[in-house]
Protein chains: 2
Amino acid sequence: MLKYQQIAAEIEQYITNQDLKQGDKLPVLEQLMSQYSVSKSTVTKALELLERRGVIFQLRGSGIFVRRHNRPGYMSLFSTQGFKSNLGDRVLTSDVLDVSVTKPSEDVAENLGIGVSDDVYRVERVRYVDGEVFCYEVSYYLKAIVPYLNREIVADSIFDYVQSALGVTIGFSDMYMQVGRLNKTEAGYLGLQTDDPTLRIETIFHLTNGKPFDYSRITYHYEHSQFVVQANGPYM
Amino acid sequence: MLKYQQIAAEIEQYITNQDLKQGDKLPVLEQLMSQYSVSKSTVTKALELLERRGVIFQLRGSGIFVRRHNRPGYMSLFSTQGFKSNLGDRVLTSDVLDVSVTKPSEDVAENLGIGVSDDVYRVERVRYVDGEVFCYEVSYYLKAIVPYLNREIVADSIFDYVQSALGVTIGFSDMYMQVGRLNKTEAGYLGLQTDDPTLRIETIFHLTNGKPFDYSRITYHYEHSQFVVQANGPYM
DNA sequence: TTGATTAATTGTACCGGTACAATTATAGTA
DNA sequence: TACTATAATTGTACCGGTACAATTAATCAA
């Protein structure tokens, strides 16, 4: 693990341990430098990271302060890691409906930047948070990148597996969201009525080299899905 | 304007002018250094900025590449600047329903971190994109920060005014989103039926010193609101 | 006490450098 | 040709420094 990531993690841990709240002040830069025995730029980098993640904000001439949003139950939209990292003490479970190797439809191939003759894994799940239906998901993984999947892996976190077992790291992702009404199939899985409201999010996950390797469509249960996005000012 | 912001702007301009697409390669770091006559770290900072905004991605040992999402009509969710900056050639108009100074309700005061006796501006608008109803918005501004508003300012971009005329800069914002059904009032303004689906986003805008100064509730027309979020890998 | 002026604090911009890891190109070998 | 080992390319981590702007604290005058 890189130094600045390590320091960021420790600072975040410190905030948690001390139960610091919005506006509480952290040690000044110079102290953090000597405390962790690194240069100013390394501390700065760790702080930038935490700032981007909405953990702190920095105010020149004043100090470094804790930033906390105050609504429990809202999940961060940046669950690039899957939701697992984001749930706190809530429990995530899954019903696996399908894990199979197929050929992509045209629009799936389009989104993954491949041809319709390339193999993909199709994964279909219903996911629950603390036993309540949370979302219905269909996702496609490039078989060239993810050569093997089974029901056990898929029932847990696919991203954990892909990262730790395959060494595949996500570079970036594009999420497309829109609101609509449930169709019959979706309503069935989510325990709702046809035409009930829903949030649909399509995400294309790219490797660090910019190539897509996962395209997923998630249909959320509108009553159990609340998201928070912590954004940083104009140019950040 | 800071050097690294300036360089970021020029690089972005270059991408636009050359009509570069996803995966196209940019000049290497060293060339950018000499081209703009700045140090490596300044170029790096400019590139980091563009990376966070989803404009490029960098690949060590390989180069700097253009990143483009490929769905027209999707609006970036990070319209911290208001939507104006985000519309391209589409036209944004507003019906101003209310601009008045009032005392906040309890939950508004709570979200703004003030007391119920402090003055706030209440602004109520229906907003249109290319003539189609886009959203219904009610927002509250701390009068201590925004001492004056009128219908003309509000019909245009409030953020433009607040920033350029008052010199107020936004530090960060917390957005809370959820899906639900329209009530009668909202349905009326949006030209939809009661109980139709909708996306609601509450946003609390903070100054650079961390103090909230604007709390807004936006109710989106579900057929005309599509959002894209470009996220950056694990640790961003 | 109040208000203005000055000084101390503290983060940010920018420089220029070394070392290194990931990728890509090249040369060498079978 | 195809595969392997090596070298060149290219961005990232980290160091340590100067100058400066924004905030806050201290000082002084009214």
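Labels below follow one simple rule: chain letters A, B, ... track the order of the sequence lines, proteins then strands, and each chain is numbered from 1. All heavy atoms count here, side chains included; hydrogens, waters and symmetry mates do not.
In this structure, the ring of Tyr121(B) has its center no less than 6.0 angstrom from the ring center of Tyr140(B).
Each ring-ring contact (aromatic ring centres under 6.0 Å, His included) pair with one or both residues in residues 40-67 of chain A, not counting sequence neighbours, appears once here: Phe57(A)-Phe65(A), Phe57(A)-Phe172(B). For residues 105-116 of chain B, every residue pair satisfying the salt bridge (Lys or Arg N to Asp or Glu O under 4.0 Å) rule, not counting sequence neighbours, is listed here: Asp107(B)-Arg217(B).
The stretch residues 27-36 of chain B touches DNA chain D through Val28(B), Leu29(B), each having a heavy atom within less than 4.0 Å of the strand.
Contacts between chain B and DNA chain D, taken as any atom within less than 4.0 angstrom of a protein heavy atom, begin and end at dT9(D) to dT12(D).
Residues forming a side-chain contact (heavy atoms from CB on, under 4.5 Å) with Asn70(B) (at least two apart in sequence, or on another chain): Tyr176(A). In this structure, the side-chain contact (heavy atoms from CB on, under 4.5 Å) partners of Ser94(A), at least two apart in sequence or on a different chain, are Arg125(A), Arg127(A). Applying the side chain to side chain donor-acceptor pair (under 3.5 Å) rule to Arg67(B) yields the partners Asp174(A), Asn232(B); only residues at least two apart in sequence or on another chain are considered. Residues satisfying the side-chain contact (heavy atoms from CB on, under 4.5 Å) criterion with Arg60(A), sequence neighbours excluded, are absent altogether. Residues satisfying the side-chain contact (heavy atoms from CB on, under 4.5 Å) test with Pro104(A), not counting sequence neighbours, are Val108(A), Ala109(A), Ile114(A), Val120(A).
Among the heavy atoms of the strands lying under 4.0 Å from Ser62(A) are primed sugar atoms or P, OP1, OP2 only; no base atom is included. Contacts of Leu47(B) with the nucleic acid, taken as non-hydrogen atoms under 4.0 Å apart, are absent.
Along DNA chain D, the nucleotide nearest Val38(A) and the nucleotide nearest Lys40(B) are compared for position; the residue whose nucleotide lies closer to the 5' end is Lys40(B). Toward the 5' end of DNA chain D, the nearer of the two residues Gly61(B) and Asn209(B), judged by each one's closest nucleotide, is Gly61(B).
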Protein-nucleotides 6-8 of chain C N/O pairs under 3.5 Å:
none

Review item, side-chain donor-acceptor pairs of residues 20-30 of chain A, under 3.5 Å, at least two apart:
from, atom 1, to, atom 2, distance (Å)
Gln22(A), OE1, Arg68(A), N, 2.8
Asp24(A), OD2, Lys21(A), N, 2.8
Lys25(A), NZ, Ser62(A), O, 3.1

Tabulate below the donor-acceptor pairs under 3.5 Å that side-chain atoms of residues 40-47 of chain B make, not counting sequence neighbours, or state none.
from, atom 1, to, atom 2, distance (Å)
Ser41(B), OG, Ser39(B), OG, 3.1
Thr42(B), OG1, Ser39(B), OG, 3.3
Thr44(B), OG1, Lys40(B), O, 2.8

